[in-house]
Number of protein chains: 2
Amino acid sequence: MQLNFSVKLNEKLYLRDPERSDLGKQIITAGIKMVYEIGYEQLTFKKLAAAIPTTEATIYRYFENKHKLLIYLVDWYWAYISFQIIFHLNNLTNAEDKIKKIIDLLVWEDNASEFAVDLDQKALYYISIAEGNKTYLSKDVDENNREMFYKPYKDLVQLIADIFKEYNPDYKYPRSLASSLVETSHFQYYFMQHLPRLCDFSDQKDPKEIEEFLENMVFGALNQQA
Amino acid sequence: MQLNFSVKLNEKLYLRDPERSDLGKQIITAGIKMVYEIGYEQLTFKKLAAAIPTTEATIYRYFENKHKLLIYLVDWYWAYISFQIIFHLNNLTNAEDKIKKIIDLLVWEDNASEFAVDLDQKALYYISIAEGNKTYLSKDVDENNREMFYKPYKDLVQLIADIFKEYNPDYKYPRSLASSLVETSHFQYYFMQHLPRLCDFSDQKDPKEIEEFLENMVFGALNQQA
DNA sequence: TTAAATATAATAGTAATACTATCAAAAATA
DNA sequence: TATTTTTGATAGTATTACTATTATATTTAA
């Protein structure tokens with residue numbers, strides 16, 4: 001079964017909606033590929049234009065600058081993960097199972113999606129890990145926050161926090177634990193790949209080990225006595 | 001009592017040792033101030049030179065580029081925190097107390113240091129929070145890792161992991177928990193300041209609340225049954 | 001179907017960034 | 001005092017991050 005997923009992202013992120021033209025979609029697709037391959041710092045609209053191919057000026061008609069393009073990509077990813085979580089939690093009643101499912105969905109393992117998505121998901125997953133923090137670790141954070149650029153991330157955190165509350169209504173830090181879970185899932189994945197001395201995972205680089213660690217951490221916190 | 005702290009950082013980080021000249025020290029001091037004030041992305045060696053004042057070319061004789069300058073600053077900070085932890089744990093025998101002390105030291109609260117330090121510590125703390133991840137979230141991570149640029153961070157994580165092992169010798173993920181603790185302490189602080197919906201702290205913005213959350217998380221994980 | 005509106009390509013240009021090079025003056029050191 | 005090292009002053013280059021203009025192609029609306 002193939003279902004479809006699409007989101008309407010914050011209009012202030014772009015000058016011209018990339019979803020609404022062929023070229024716009026190519027900018028997104030090639031943008032994902034390029035950020036994945038050479039990293040955000042090395043990306044320029046000139047290189048991106050050459051890859052599509054189109055002209056630099058044309059890309060500037062879609063996105064003001066590469067930072068907004070990055071936020072666009074990462075926002076898309078958060079919305080996608082939120083959707084996945086909502087979908088997969090639908091048939092679960094037990095809060096513990098839900099949390100385990102969330103952790104499973106946060107840590108990627110080539111789980112071929114049952115959703116038809118144009119974007120290269122695995123590349124986007126890596127982008128959200130390696131570049132995602134850069135969307136808000138910048139001097140523009142407060143301004144961007146006012147423009148609601150981080151809403152998809154906040155929605156995801158709230159979604160997870162609500163399940164934590166369901167599991168333990170007395171737990172005091174559901175949102176902090178949710179944001180920590182999301183960030184930690186990314187960092188431990190990155191460390192496993194690049195800085196193994198910062199974690200305890202085997203050479204197998206099996207994401208299942210990350211999930212075990214995260215389950216231990218999350219349930220440990222939620223079950224802790226006050 | 002005033003004690004002194006100084007470290008010898010990886011020689012490959014600089015072309016000329018900034019500790020060994022007045023101008024070098026000014027580059028570091030002004031660099032901290034400027035990254036703190038305008039952020040890493042906005043920093044240029046030209047602006048930095050104007051602030052000191054000296055010439056752009058002179059700064060290039062000390063540091064190859066601003067990324068290495070950033071790593072230099074952040075490495076210095078990790079080494080400093082490690083030193084603080086070693087010093088303050090000296091008179092503690094109980095592992096639980098040690099862990100609480102570590103958390104206390106990781107979360108800043110204007111605790112005037114008893115160590116004479118030339119650098120502006122509070123600014124450096126913010127830099128390590130807002131810019132620290134950028135030292136390794138880059139395409140050069142593997143190369144930089146081979147050059148041992150992340151050794152101070154790894155040493156800190158190992159130091160904390162050893163205390164976790166002391167507290168619970170059976171715990172499976174001491175290093176992962178240590179790196180998660182360090183990262184989480186930073187992110188929750190940043191969220192408290194800029195994105196409060198991602199955490200559960202009051203408007204007081206009291207770092208003590210972060211410490212409580214972190215203690216809950218760490219002891220929860222460490223006390224969890226296998 | 002044709003006219004009008006819109007999007008894109010092609011080209012050019014600017015200010016700032018991220019450097020490198022040269023050489024003379026100043027400062028440190030032997 | 002002579003020698004070495006460091007810094008300042010200046011210049012220059014390639015790339016980045018944009019903006020502007022105009023002609024052409026494509027889409028849409030009458």
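Letters A, B, ... are given to chains in the order of the sequence lines, protein chains preceding strands, and every chain is numbered from 1. The shown structure was predicted, so the numbers you read here are calculated from the model rather than taken from an experiment. Computed over heavy atoms, backbone and side chain alike; hydrogens, waters and symmetry mates excluded.
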>> Just so I know, are the side chains of B:Ile81 and B:Ile85 near enough to count as touching, which here means a heavy-atom distance under 4.5 Å?
In response: yes

>> Side chains of A:Glu212 and B:Tyr173: any donor to acceptor distance under 3.5 Å?
In response: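 Yes, side-chain donor-acceptor contact under 3.5 Å.
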
> Is the closest side-chain donor-acceptor distance between A:Gln121 and A:Tyr125 under 3.5 Å?
Replying inline: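 No - no donor-acceptor pair under 3.5 Å links their side chains.
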
Just the atom pairs and distances: protein N or O near nucleotides 26-29 of chain C's N or O, under 3.5 Å.
none

Measure [atom1]/[X] against [atom2]/[N] and give the value in whole Å, please.
X	N	atom1	atom2	result
A:Lys46	D:dA14	NZ	P	12 Å
A:Arg20	D:dT27	CZ	P	14 Å
B:Leu48	C:dT17	CG	P	13 Å
B:Asp22	D:dT7	CG	C1'	13 Å
A:Ile38	D:dT15	CD1	C1'	13 Å
B:Leu15	C:dA21	CG	P	13 Å
B:Leu23	D:dT5	CG	P	18 Å
B:Tyr60	C:dC19	OH	P	4 Å

Among all residues two or more places apart in sequence or in another chain, which pass the side chain to side chain contact (heavy atoms under 4.5 Å, CB included) test with [X]?
X	answer
A:Ala161	A:Gln158, A:Pro174, A:Arg175, A:Ala178
A:Thr135	A:Leu70, A:Ile71, A:Val74, A:Tyr150
B:Thr58	B:Leu23, B:Thr54, B:Thr55, B:Arg61, B:Tyr62
A:Gln42	A:Ile38, A:Lys47

> Given C:dC19, D:dT7, C:dA18, which nucleotide is nearest the side-chain atoms of B:Thr44?
Replying inline: C:dA18

> Can you tell me if the side-chain N/O atoms of B:Tyr62 get under 4.0 Å from OP1 or OP2 in D:dT6?
Replying inline: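 Answer is no, no contact under 4.0 Å.
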
>> Please determine whether a side-chain nitrogen or oxygen atom of B:Arg16 lies at a distance below 4.0 Å from atom OP1 or OP2 of D:dT7.
In response: yes

> Quick one: does B:Lys66's side chain have a donor or acceptor within less than 3.5 Å of a partner on B:Thr44's backbone?
Replying inline: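 Between the backbone of B:Thr44 and the side chain of B:Lys66 there is no qualifying donor-acceptor contact (under 3.5 Å).
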
> Closest nucleotide of DNA chain D for A:Arg61 versus for A:Phe45: which of these residues is on the 5' side?
Replying inline: A:Phe45

> Nearest heavy-atom pair of B:Ser176 and B:Ser179: which atoms, and what distance?
Replying inline: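 The pair with the smallest heavy-atom distance is O-OG, 3.1 Å.
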
>> Within residues 50-58 of chain A, which residues have any heavy atom lying less than 4.0 Å from an atom of DNA chain D?
In response: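 Of all residues in residues 50-58 of chain A, the ones placing a heavy atom under 4.0 Å from DNA chain D are A:Glu56, A:Ala57.
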
